[in-house]
Each structure stands twice: as structure tokens, then as C-alpha cells.
Peer 1: 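My structure is below; once you've seen it, I'll send some questions.
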Amino acid sequence: MSSAPHWSAHLPTGTDPSTVDLGIGGTLPQRWLANWHADPGRPVLRDTVGRWWSGGALEEATASIAGRFAAAGLGPGDRVLLSASSSVELVVAHVACLRAGLTVIPANTAYGPDELAHLVLDGAPRLAVVDDAQRAAWVRAADPSVRVVGTDVDLPGGPPGDLDVAPPGAPALIGYTSGTTGRPKGAVLTHANLAASVEALRLAWRWTPEDRLVLALPLFHMHGLGVGLHGTLAAGASAVLIERFEVDAVLDAAAAERASLFFGVPTMYHRLATSSRAGELARLRLCVSGSAPLPADLWQALASSTGQRVLERYGMTETVMLVSNPYDGQRRPGTVGIPLPGVDLRLDPTSGEVLVRGPNVFAGYLDRPEATATSFDPEGFFRTGDVGRLDAAGYLELVARLKELVISGGFNVYPREVEDVLREHPAVVDVAVTGTPDPEWGEVVTAWCETDGAVTPAEIASFAAERLANYKRPRIVHLVDALPRNALGKVTKGELRA
Ligand code: MLC
Ligand code: AMP
């Protein structure tokens, strides 16, 4: 078996790997502030109504919001839940939290009452910043002691106290994910973890202050937040925030603002590739895809119609970014490339599971020592739950998942969670949820229901719609007489997919 090329292959020719410092000389907020101080008038962020915010303006706004957090009694280590569509107010609240040493819990805006309640009860935030009255009410219902405000953080002001002094080992973000099993767990990422990953990306993708990103990914998952936003601010670059992905909005912003970068999930690239404006992607310096597999034929279609050799990379909530195709050199469709700077990667010799170690790998799951312990091997490598193999050139191909997971449009859906909800339907005897391959969504959530005959697929779909975030709802519902089972009575999902 060939081994993965060393991460130094990502560095510009002539760079000595021993000079790479993934500590970035401090925490992310310290790095951001250093950039803003160096040139306070430089444009950093274009908000969703078309106004540019400079580093100086962001420094002032974030200090002011941090002052409100302090006046509300929040101090280092306290947690703040953030659930909002992309806006400069959300960015300001997020950066203010990190500057003040507060830990952010990002929450998907598609969550329903139960999904949100789980985060509130498990993550125990003291404050929630929410951009929707109904979601705000769900947070209050889950725990009336949580203070809930809008994205304007309309609280009395006060002195912000010491800012940007959180130590590198302090928790910065708690990302909820089901990992390999069970109910969503909070992956605790420190300032150092987040900083190490963006520094690796800055080096590998040649991210410079001249770059401008069209940022149309939501800011509540690692791709939009930990890569798009954090990376932009750390590189001293700029970004154009788009509230909701649309082909025209992305390409108009790229043209009007002379953007150089676009990051997206494969569903976004599918929509771009099938648009009559696909050729406009050619103006960008770099297009990156991740969060789900980018089909090799979509890669080829984009390469031939636009000239863009989309750079695919691989990451996850617990680790931020792990592996990337190289900026210089060959980008191999169907692979995710070679380990990023600092990442030590190996494959489990028996299962082929991808095992990783590095300064980017999280500190553990919140309040779950057992789940944390079992997710690392004896040598401290994190078990990703993804199965890989190395191709002839040593590039990583992701070939299967040990964890039960469906990825629809770049969002993760855990079959178990959907099954638990559908089983509550009185006419459903048992159910199995799988992913059906789909050219636009990658996979679509599919439910196979053993019923007592008194229900239609449409009724099951609407039952799910009342209880689950939109991207988790089964788009295909099959009624079956009996689910296939093995000798132990366990449903054999492989037969359903076939
Ligand atoms: C929206 N819908 C989805 C969906 N997103 N259904 C299935 N899967 C999804 N991902 C629903 C809508 O609610 C709507 O339902 C219907 O589908 C059609 O909506 P649309 O207008 O076509 O969808 P749109 O709003 O354009 O959303 C598509 C999308 C979005 C691709 C822009 O899903 C998205 O932003 N995905 C990015 C996910 C992401 O950031 N992942 C990063 C995870 S981090 P109805 O019922 O109203 O018709 C990670 C680590 C890493 O994984 O490596 O990056
Ligand atoms: P999450 O836990 O939401 O961060 O999702 C992480 C998972 O997304 C990984 O464990 C992979 O299964 C998947 N993933 C991320 N990037 C890619 C990619 N480029 N190709 C295939 N799967 C990916």
C-alpha cells in the first residue's frame, strides 16, 4: 500500500516545512485584530444589503457588543447559542463572543423545537442570539433561564473588559454532530484548533489579503464559519456575504466585487454547472468544494465548460479541515487529496477507517468522556468514521462510511434520528432510513416503512415535516410489507439500497 504524500507537498516550492507555525502566533481574534490594526480602513466584509465594513468598523462594533455581553454578566467560559441567517450582525455577535472569551454554539436555522431544545439543554448556553421569533420562543420553552435576544443584541451597554485574551486552549466553538453514533454531541473546538486549521488552509490555498470570497454558505456549520469566515479574517482578506445561495446572486457578486474565491457544497456546483452562466466561474482564482463527495463527472463538466479545476477538500466538525487537493500540481477528481499542513493521517489496516491526528483535532465531546475516549485510538488518532483508500498517487479517496449518515445538499442527516421520529407515527410498525443517490442533492433521504396499512406515503411525509428540519425530511417514502432482516432481526439496509 502506498502512503499519503507528506503535507509539505501543499507548500509553495522552496518553503521549509519546519518553518510552518500553525499556532499563528496567538488566537484567531488576536490575528484578526492585528490585521485590522494594520489597515483599519481596508474593506473586510460586504453585508447582505451591499454595505462594506472595514476592519476598524468591525473592531468597534464587536467591542461594543462584547460590552453588552459583559454588562449582561457573561464572562469567559460562558456559552452563547447563535442561530441566524448570514448577516453582518451575526458575524459581529460571533466575533464579539470569541473576543470576549465566550464559547459559541452555532445552531442551524432549519431546526425545529426538538432539535433546538436538545442543543439548549445539552449545551447550556446562558444567552441565545436568534433571528426569528418562533425559534426564540422554542429556545425559551426549552430553558426559560436562557436570555434570548435578536441579532442586534439589544441589551444595555457597558465596558467590554479585557478582550482578545482567551488562551489558545480555551473552548471557542461547540459544534453539534452525531459523530459515529447517537444523539448529537457537542464537539468542543479550542481557539488553537480553529487557528491551526485556517493557517493550514491559508498556506495550502495561497490565501492572501488580495483575495475576496463569495460566501454563500450558512454560518452555522464548519464550512461557512470555520473555513469561509475565519479563514477570510485570518488571511486579512475580504468576503461578500450572501444570505441565501442562488446562482445569480453568487455570480453577480463575483462580477461586481471582482471576487477571487468561491467555496460551496456539491449541490451548489451542480446548480452552477447547469446554469447558462456557468462560464462566469472562470473569473475566479479558486473554487473549492467540500462537505460531501463531488462526483467526478460534475468535476469534468465544470472543467470543460468553465476551465475551473474545482479543488475538493475533506473535513468535519470535530477536526475542521483535514485533507485537500493541492493548489499547485494535480487535482484529482474523485479524491480529496493529501493531508493538510499539520495533519497526520493513516488508514486503519483492518477497516480502512481514516484516522487523523493534529493540532486541528478537537478536544473532545462536551460532558461525554466515554464517547470521547472511544472516538480516539490508543495512539491518539481520531476515528473519523469515514473509510478511505490511497490511490496510485497517494491521494485519499473516500469510499464508504462506517457511521450511518446521509448527506443531502451538504447537510448531515442521521438515519437513526429520522427513524425515531417516524416510529412515533401510530401506523408505522418499523422503519429504516437510507440515502438514495441523486444528481442534485448527492443523496436524498428515503424512508422504508413497515406499516399496518392505514397510512399513505404522503401522510408519513407530512408527519415528518412537522417534526424535523426541512433537509432531514424523507423526500421518498416506500411502504413495504416487511423490512429485510438478518438472523438476529436487525434490518439489513444494504438490501434496501440495492
Ligand atoms: C434545503 N432543502 C433541502 C436542503 N436544503 N432539502 C434537502 N437537503 C438540503 N440540504 C429544502 C428546502 O427547505 C425546500 O423545502 C427545498 O429543499 C428546496 O429548497 P431550495 O430553495 O432548492 O434549497 P436551498 O434553500 O437553495 O438550499 C440548498 C442549499 C442548502 C444547497 C443552498 O442546502 C445549503 O446551504 N447547503 C449547505 C450546507 C452546508 O453548509 N454544509 C456544511 C456542513 S460542514 P420545501 O419543503 O420548502 O420545498 C461539514 C464539514 C465540511 O460538513 O467538510 O465542510
Ligand atoms: P460534519 O460532521 O457535519 O462536519 O460532516 C463531516 C462528514 O462530511 C465527513 O465525516 C465526511 O463523511 C463528509 N465529507 C466532508 N467533506 C467531504 C468530501 N469532500 N467528500 C466526501 N465526504 C465528505
Side-chain angles (χ1 to χ4, degrees), residues 85-86 106 108-110 175-180 184-185 187 189 197 201 215-229 242-247 249-250 263-272 288-296 299 310-325 333-337 340 353-354 356 362 375 382-388 395-414 418 435-436 438 440-446 461-462 464-466 468-476:
S85 308
S86 292
N108 196 316
T109 53
Y176 272 80
T177 168
S178 286
T180 46
K185 301 182 278 289
L189 290 140
S197 210
L201 297 178
L215 182 44
L217 287 153
L219 298 178
F220 40 72
H221 284 302
M222 211 38 97
H223 199 164
L225 187 65
V227 180
L229 180 67
I242 308 276
E243 189 178 344
R244 200 172 151 269
F245 172 85
E246 264 169 29
V247 167
V250 166
F263 300 164
V265 298
T267 300
M268 295 177 178
Y269 284 104
H270 173 88
R271 292 184 185 179
L272 284 160
V288 177
S289 176
S291 308
L294 182 71
W299 191 96
V310 174
L311 184 151
E312 185 170 8
R313 63 38 172 196
Y314 158 55
M316 56 196 301
T317 303
E318 290 94 331
T319 63
V320 203
M321 294 299 111
L322 290 167
V323 178
S324 169
N325 271 277
T335 81
V336 290
L340 278 160
E353 183 173 14
V354 178
V356 292
F362 76 140
S375 66
F382 174 66
R383 302 177 189 279
T384 61
D386 295 304
V387 177
Y395 284 45
L396 180 70
E397 262 179 79
L398 296 173
V399 292
R401 295 181 201 126
L402 292 177
K403 52 194 173 192
E404 263 208 71
L405 172 65
V406 175
I407 307 184
S408 169
F411 283 132
N412 287 4
V413 182
Y414 298 93
V418 180
T436 302
D438 181 85
E440 180 178 8
W441 298 101
E443 292 178 283
V444 292
V445 178
T446 303
S462 69
E466 285 162 23
L468 289 165
N470 54 31
Y471 63 92
K472 298 179 188 171
R473 298 170 190 162
R475 284 174 181 251
I476 304 173

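Positions are given from 1 along the sequence. For ligands, and for the atoms within them, numbers begin at 1 and follow the listed sequence.
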Peer 1: Can you name the closest pair of heavy atoms from Ile407 and Arg401 and give their distance?
Peer 2: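 Reported closest heavy-atom pair: CD1-NH2, 3.5 Å.
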
Peer 1: Can any side-chain N or O of Thr384 pair as donor or acceptor with the backbone N or O of Val354 at less than 3.5 Å?
Peer 2: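 Yes; at least one donor-acceptor contact below 3.5 Å.
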
Peer 1: Kindly indicate whether atom 48 (O) of ligand 1 is approached by any protein heavy atom to under 4.0 angstrom.
Peer 2: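 Under 4.0 Å from atom 48 (O) of ligand 1, zero protein heavy atoms found.
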
Peer 1: Against heavy atoms of Thr177, which atoms of ligand 2 measure under 4.0 Å?
Peer 2: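 Listed by number with element: 2 (O).
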
Peer 1: My understanding is that only one of Val323, Leu396, Asn325 makes a side-chain contact (heavy atoms from CB on, under 4.5 Å) with Thr335; could you say which?
Peer 2: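 Output: one option passes, namely Asn325.
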
Peer 1: How far apart are the closest heavy atoms of Pro266 and Gly290, and which atoms are they?
Peer 2: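 Between these two residues, the closest heavy atoms are CD-O, 3.5 Å.
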
Peer 1: Between atom CG of Asp438 and atom OG of Ser408, what is the distance when rounded to the nearest 0.5 Å?
Peer 2: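 With rounding to 0.5 Å, CG (Asp438) is 8.0 Å from OG (Ser408).
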
Peer 1: Any atoms of ligand 1 less than 4.0 Å from a non-hydrogen atom of Met268? List them with their elements.
Peer 2: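 Taking each heavy atom of Met268 in turn, ligand 1 has 32 (C), 35 (O) under 4.0 Å.
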
Peer 1: Applying a strict 4.0 Å limit to heavy atoms, is Pro218 in contact with ligand 1?
Peer 2: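 Yes.
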
Peer 1: Tell me which protein heavy atom sits closest to atom 46 (O) of ligand 1, plus the residue, atom name and distance to 0.1 Å.
Peer 2: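 For atom 46 (O) of ligand 1, the nearest protein heavy atom is Arg473 NH1, 4.2 Å.
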
Peer 1: Could you tell me whether ligand 2 has any atom less than 4.0 Å away from a heavy atom of Ser291?
Peer 2: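 A heavy atom of Ser291 does come that close to ligand 2.
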
Peer 1: Mind checking the CD-OG spacing from Glu312 to Ser289? Nearest 0.5 Å is all I need.
Peer 2: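 It is 5.5 Å, given to the nearest 0.5 Å.
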
Peer 1: Give yes if a backbone or side-chain nitrogen or oxygen of Tyr314 is under 3.5 Å from a nitrogen or oxygen of ligand 2, and no if not.
Peer 2: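 No.
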
Peer 1: Any idea which atoms of ligand 2 are less than 4.0 Å away from a heavy-atom of Arg401?
Peer 2: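 Selected atoms, number and element: 12 (O).
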
Peer 1: Among the heavy atoms of Arg244, does any lie under 4.0 Å from an atom of ligand 1?
Peer 2: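 Arg244 counts as a contact of ligand 1 under the 4.0 Å cut-off.
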
Peer 1: Work out which heavy atom in Gly409 is nearest to a heavy atom in Val265; give both atom names and the distance.
Peer 2: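 Taking Gly409 first and Val265 second, the nearest heavy atoms are O-CG2, 3.6 Å.
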
Peer 1: Quick one: CG on Asp386 to CG on Leu405, what's the gap to the nearest 0.5 Å?
Peer 2: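 Atom-to-atom, Asp386:CG and Leu405:CG are 8.0 Å apart.
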
Peer 1: Considering only heavy atoms, which of Ala292, Gly175, Ser178, Gly290 lies nearest to atom 18 (C) of ligand 2?
Peer 2: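 Looking at heavy atoms only, the winner is Ala292.
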
Peer 1: Using a 4.0 Å heavy-atom threshold (strictly under), name the region of Ser289 that reaches ligand 2: side chain, backbone, both or neither.
Peer 2: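 Under 4.0 Å from ligand 2, Ser289 contributes no heavy atoms.
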
Peer 1: Mark up the atoms of ligand 2 that fall under 4.0 Å of a heavy atom belonging to Arg313, in ascending order.
Peer 2: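 This gives 16 (N), 18 (C), 19 (N) as the contact atoms.
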
Peer 1: Considering both backbone and side-chain atoms of Glu318, is one of its nitrogen or oxygen atoms within less than 3.5 Å of a nitrogen or oxygen in ligand 2?
Peer 2: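 Between Glu318 and ligand 2 (N or O atoms, distance only) the closest approach is not under 3.5 Å.
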
Peer 1: For Asn412 and ligand 1, does the shortest N/O to N/O distance drop below 3.5 Å?
Peer 2: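 In this structure, Asn412 places no N or O atom under 3.5 Å from an N or O of ligand 1.
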
Peer 1: Taking the inter-plane angle between the rings of Phe263 and His223 on a 0 to 90° scale, is it parallel (under 30°), tilted (30 to 60°) or perpendicular (over 60°)?
Peer 2: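 Parallel.
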
Peer 1: Under 3.5 Å, N or O to N or O, is Lys403 touching ligand 2 that way?
Peer 2: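 By distance alone, the answer is yes.
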
Peer 1: Select the closest option to atom 36 (N) of ligand 1 among Gly410, Gly409, Gly315, judged by heavy-atom distance.
Peer 2: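 That would be Gly409.
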
Peer 1: At less than 4.0 angstrom from any non-hydrogen atom of Leu398, what atoms of ligand 2 do you find?
Peer 2: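 In order of number, 20 (N), 21 (C), 22 (N).
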
Peer 1: Can you tell me the protein heavy atom closest to atom 22 (O) of ligand 1 and the distance?
Peer 2: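 The protein heavy atom lying closest is Arg271 NH2, 2.9 Å.
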
Peer 1: Side chains of Thr177 and Tyr414 only: does a donor on one sit below 3.5 Å from an acceptor on the other?
Peer 2: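 The criterion, which ignores hydrogens and geometry beyond distance, is satisfied for Tyr414 and Thr177.
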
Peer 1: Report the part of Glu318 (side chain from C-beta onward, or backbone N, CA, C, O) that has a heavy atom under 4.0 Å from ligand 1; answer both or neither where that applies.
Peer 2: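 No part of Glu318 comes within reach of ligand 1.
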
Peer 1: Rounded at 0.5 Å granularity, tell me how far CD in Glu440 sits from CZ in Arg271.
Peer 2: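 Answer for the CD-CZ pair, Glu440 versus Arg271, is 4.5 Å.
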
Peer 1: Can you find a non-hydrogen atom of Lys472 under 4.0 Å from ligand 1?
Peer 2: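 No, that is not the case, since the closest heavy atom of the residue is not under 4.0 Å from the ligand.
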
Peer 1: Please check whether Thr317 reaches ligand 2 - meaning an N/O of the residue sits under 3.5 Å from an N/O of the ligand, judged on distance alone.
Peer 2: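 N/O-N/O distance under 3.5 Å: yes.
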
Peer 1: Please identify which atoms of ligand 2 are closer than 4.0 Å to at least one heavy atom of Ile407.
Peer 2: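 Result: 8 (O), 13 (C).
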
Peer 1: Among Phe411, Phe245, Trp441, which one has a heavy atom closest to atom 1 (C) of ligand 1?
Peer 2: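 It is Trp441 that holds the nearest heavy atom.
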
Peer 1: Taking distance alone, with no angle check, do Asn470 and ligand 1 share an N/O pair under 3.5 Å?
Peer 2: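 Yes, Asn470 has an N/O under 3.5 Å of an N/O on ligand 1.
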
Peer 1: Quick one: pull up CG in Leu189 and OG in Ser197 and give me the separation to the nearest 0.5 Å.
Peer 2: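 Going from CG on Leu189 over to OG on Ser197, the span is 9.0 Å.
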
Peer 1: Shortest non-hydrogen contact from Phe382 to Ser375?
Peer 2: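 Here Phe382 and Ser375 meet closest at CD1-O, 3.3 Å.
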
Peer 1: For the OH atom of Tyr314 and the OG1 atom of Thr319, what is their distance to the nearest 0.5 Å?
Peer 2: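 Rounded to the nearest 0.5 Å, the OH-OG1 separation comes out at 7.0 Å.
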
Peer 1: Are any of the side-chain nitrogens in Glu318 or Lys403 under 4.0 Å away from the carboxylate oxygens of its partner?
Peer 2: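 Salt bridge between Glu318 and Lys403, a charged N being under 4.0 Å from a carboxylate O: no.
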
Peer 1: Counting heavy atoms only, which part of Tyr314 comes closer than 4.0 Å to ligand 1: side chain, backbone, both or neither?
Peer 2: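 Neither part.
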
Peer 1: Side chain or backbone of Pro293 under 4.0 Å from ligand 2, or both, or neither, by non-hydrogen atoms?
Peer 2: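 For Pro293, backbone and side-chain atoms both sit under 4.0 Å from ligand 2.
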
Peer 1: Among all protein heavy atoms in this structure, tell me which lies nearest to atom 53 (O) of ligand 1, with the distance rounded to 0.1 Å.
Peer 2: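 The closest heavy atom on the protein side is Arg313 NH1, 2.7 Å.
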
Peer 1: For Pro474 versus Ala461, what's the shortest heavy-atom pair and its separation?
Peer 2: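 Here Pro474 and Ala461 meet closest at O-CB, 4.5 Å.
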
Peer 1: Looking at atom 10 (N) of ligand 1, what's its closest protein heavy atom, distance included?
Peer 2: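 The protein heavy atom lying closest is Ser408 O, 2.8 Å.
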
Peer 1: If you count the atoms of ligand 2 from 1 in the order shown, which ones are under 4.0 Å from a heavy atom of Glu312?
Peer 2: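 Atoms satisfying the 4.0 Å criterion: 18 (C), 19 (N), 20 (N).
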
Peer 1: What are the two closest heavy atoms between Met268 and Ala216, and how far apart are they?
Peer 2: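 It is CE-O, 4.0 Å.
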
Peer 1: Who's closest to atom 52 (O) of ligand 1 heavy-atom-wise, of Ala216, Gly226, Ser291?
Peer 2: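 It is Ser291 whose heavy atom sits nearest to atom 52 (O) of ligand 1.
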
Peer 1: Look at atom 6 (N) of ligand 1 and say which protein heavy atom is nearest, naming residue and atom and giving the distance to 0.1 Å.
Peer 2: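 Here the closest protein heavy atom is Arg475 NH2, 2.8 Å.
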
Peer 1: Hey, is atom 44 (S) of ligand 1 under 4.0 Å from any protein heavy atom?
Peer 2: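 At least one protein heavy atom is under 4.0 Å away.
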
